[in-house]
Amino acid sequence: VAEQRCAAVLNEALLDLFERRDDVYLLGEDVLDPYGGAFKVTQGLSSRWPERVITTPVSEAGLFGVAAGMAMRGYRPILEIMFGDFVALGFDQIVNGIGKFRGMFDDQVRVPLVVRTPMGGRRGYGPTHSQSLEKLLLGVPGITVVAPSECHDLGAFLNESVEDDDPVFFVENKLMYGRPNRRPVDGRVGGLRCRETGGPYPALVFSGNDFTGGSATIVTYGGMLPVVLDAAILLILEDELFTEVVALGRLAPLDLEPVLESLARTGRLVTAEEGTLTAGVGAEIAARVQAEAWGLLRGPVRRVAADDRPLPAARTLEDAALPGVEDVADAVRSFATAGG
Amino acid sequence: VRAGQPVCVVETSKSAIEIVSPGAGTLCHRFREGEEVELGETVGVVAASEDEVTAFEAERAGGAAGEPEPAPDRPANVTRRAAELAREHGIDLAQIRKPGFVTAEDVESLIAAREPAGVRGRDGAGTLFAGMSLDGVSLPASIELDESVGALDPGFLASLRDDPEAFRALPAQERLERYRANGARIGQRVALGERTVVVAPRIVLDDDVTIGDGGTVACEEVFAVGPLTRFGERLRVACRRVFVGADGWIGHDVRFGGGGAREPWGTLAIGDLAFVGDEVYVNPCRPVLIGREVFLTMRSVLVTHNVGHSLLEGFENRFAGVVLEDRSQVGIGTVVYAGCRIGREAIVASNSYVVSDIPAGRLAIGVPARVSGHASRPLADARRRELVHRMLDELEELLRLRGVDVDGVEKSGSRGLELHADGAVSYVLFVERLDSAFQLPEADGEVVALTLALAGDPPAGCAVLDLTARRVHGSGGTVLDSVREFCRKRGIRFEPGLWRYRGGLI
């Protein structure tokens with residue numbers, strides 16, 4: 001069976017949700033047919049359920065408030081923010097409202113809101129349409145952040161998010177939309193073994209040598225996974241360095257169990273993310289791992305991330321600013337040469 | 001199409017933009033309708049002339065017929081090192097059937113399996129090596145000797161054991177004669193130092209073996225040494241079985257043995273051309289296998305067990321052999337702990353403490369020793385050439401300082417030295433690519449040619465040192481010997497390997 005593209009898998013999951021639950025609404029810009037959303041994820045929804053798909057003006061700050069209100073009144077709104085960069089416009093609603101209402105009102109209200117939004121660059125969209133800002137959402141109390149990769153069960157992730165009684169940020173990736181949803185088949189993805197952890201938003205753990213240890217564990221998520229998997233295979237074929245790759249499903253709250261389990265086999269950790277380096281997801285992971293598993297670490301945690309500067313639009317400059325396959329591979333090689 | 005005519009519409013999430021033709025010509029499509037195209041791909045060209053259209057059609061036809069993608073030089077799951085090894089050893093990668101990736105280790109196990117069982121030692125997996133892997137270790141030929149070779153008369157052996165001091169006091173020549181007379185195999189020109197005694201049921205000392213003064217060798221089963229091997233003064237050996245290869249160099253105050261030396265697993269095997277530095281201590285109560293051309297430098301220590309408190313109280317208690325694979329090096333003052341294996345051509349830096357295996361070809365350093373890089377680096381041809389030129393400069397200087405009358409000479413295709421020694425004119429030449437057509441200089445002495453690439457048979461009338469194949473062709477005298485020794489000091493050893501410098505120009 002040919003693997004479906006990620007956008008089509010998400011689209012099917014949405015159609016299915018609308019079919020099953022009549023309290024699910026979708027709000028966003030340009031989401032109506034025939035256009036069907038900037039990345040075509042909402043195609044077909046408005047034709048079948050015109051009253052439940054609401055197209056809005058360019059008004060993110062207000063949109064977050066409207067969606068939060070709907071959620072508190074018993075609906076299950078899904079808010080599509082066309083580019084993740086524009087989440088910044090809703091930050092007051094997110095930080096001072098959506099995440100806090102339940103706690104401030106002593107569980108008398110819940111905000112079962114799902115915010116779907118694509119992050120990530122490598123498409124030449126320039127500094128304000130290419131960022132990976134999910135790290136800004138980490139540490140905002142009361143919200144869950146999930147960031148499935150192209151190997152995760154995207155439909156299950158979306159269902160889980162909608163079923164959640166509390167707010168969930170569902171981070172998608174622009175390049176992922178056009179790529180096949182490469183689910184593990186017989187415990188393998190391509191040439192690598194792949195295990196899926198349990199729980200609602202499972203992590204995936206990849207190994208080229210049957211989980212018999214290796215040079216490092218590389219922890220990543222979302223759109224960075226294909227880059228990391230390419231690096232892992234490059235390291236095997238060119239350097240005979242085996243690594244384990246952990247693709248987290250959920251970034252907040254952070255569950256490091258699969259990372260620590262892999263680290264026990266490898267002793268070294270690399271974090272890889274497409275967002276900027278400083279105060280990134282990798283920084284949080286590194287801080288927690290050193291506190292929880294100092295004894296497992298045989299060297300410093302190395303972080304691979306984007307340069308701390310605005311992303312250029314020009315392809316060559318953008319490529320230089322974003323972490324690539326060689327950056328990830330070099331981080332692992334640096335352990336071998338430093339002996340760390 | 002005309003210049004300025006719209007030929008294509010690009011739709012984005014925000015807008016639709018018409019692309020117009022930059023000039024007049026014929027629009028050629030690179031893709032069919034509905035085909036998917038990678039971002040950044042050229043979808044069509046405007047051909048200015050009929051010729052350009054024809055060229056475009058030809059290119060597209062060619063691209064469709066023969067996939068332009070280069071065929072990969074190996075299957076997608078085979079590592080670069082595995083593919084290189086397989087090529088080098090003529091291994092068919094199709095034999096390896098396993099899920100996942102094929103690594104150098106997989107190929108190496110096939111190479112090992114190809115060698116006949118039991119080679120190198122009559123009980124390869126038995127007590128002699130306690131089941132240790134012999135991969136990567138070339139053991140001395142004496143291991144293959146039949147058990148009857150060199151067996152001493154039991155009465156003579158008993159007298160040696162009862163009163164070694166009386167035997168020790170005998171003149172060297174007489175000791176050798178008595179060994180011979182009582183069954184030991186002792187070759188020509190063997191030298192046994194003053195007050196040195198060897199006590200073992202089987203003794204084999206091949207031609208030109210030298211053991212310095214004041215040595216004591218006590219083996220429960222056998223002491224066998226290959227030709228040209230030298231032991232320095234005050235050698236102390238206490239080990240069940242000792243096999244030393246040919247042309248080895250064992251320094252002064254070397255000690256093989258210690259606690260557990262009589263244990264049944266005690267085998268010490270040292271391959272040909274090995275170097276064991278002064279004051280080295282090896283404790284072989286479990287097998288210690290030292291490969292060919294290994295450098296075990298001064299004051300380093302190989303241990304096969306520890307001493308300590310009860311293992312039942314959770315203390316470490318280990319008995320395990322040590323392996324130094326071929327061409328590996330152990331730096332000055334380094335300790336290698338029981339159970340460790342140092343891979344082929346790996347180097348452990350001085351004063352390190354090795355507590356885990358060191359992979360082949362890597363450089364390790366520290367306490368505990370950790371891999372910090374590669375033991376060697378690949379050299380470009382130009383760099384190798386430059387290094388040979390530098391060696392010649394150095395040789396010229398050395399010869400001059402030694403009082404040899406020497407001049408630099410340069411001819412087309414070669415560069416070298418003209419030597420006046422022993423009343424004759426000799427030449428040492430570097431010819432990068434040497435073939436039989438090379439014009440030798442007139443010389444009444446020797447002509448020694450160094451080369452990086454020998455094509456066909458070496459030219460007659462000269463000795464050739466092939467620096468790449470590490471092979472010597474032809475014969476010579478003092479000049480060849482001196483150059484060969486000069487190369488040896490720079491790590492370049494030539495086959496045939498059994499050779500010793502007996503003095504000369506340097």
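Not measured: the values here are computed from a predicted model. In the text below, chain A, chain B and the rest are named by the order of the sequence lines, each starting its count at 1.
Classification of A:Arg179 and A:Glu3 as a salt-bridged pair fails, no side-chain N sitting under 4.0 Å from a carboxylate O. A salt bridge links B:Glu325 with B:Arg341: the closest approach of a Lys/Arg side-chain nitrogen to an acidic carboxylate oxygen falls below 4.0 angstrom. Between A:Asp210 and A:Arg193, at least one side-chain nitrogen of the basic residue sits less than 4.0 Å from a carboxylate oxygen of the acidic one, meeting the salt-bridge criterion. Between A:Glu196 and A:Arg183 there is a salt bridge, since at least one side-chain N of the basic residue sits less than 4.0 Å from a carboxylate O of the acidic one.
A donor-acceptor contact under 3.5 angstrom links the side chains of A:Asn209 and A:Ser207, judged on distance only.
Note: A:Glu80 CD to A:Ile54 CD1 = 13.5 Å, rounded to the nearest 0.5 Å.
Inspection of non-hydrogen atoms places A:Ile233, A:Ile236, A:Leu237, A:Glu238, A:Glu240, A:Phe242 of residues 233-245 of chain A under 4.5 Å from chain B.
Interface residue B:Ala104: backbone and side-chain heavy atoms are both found under 4.5 Å from chain A.
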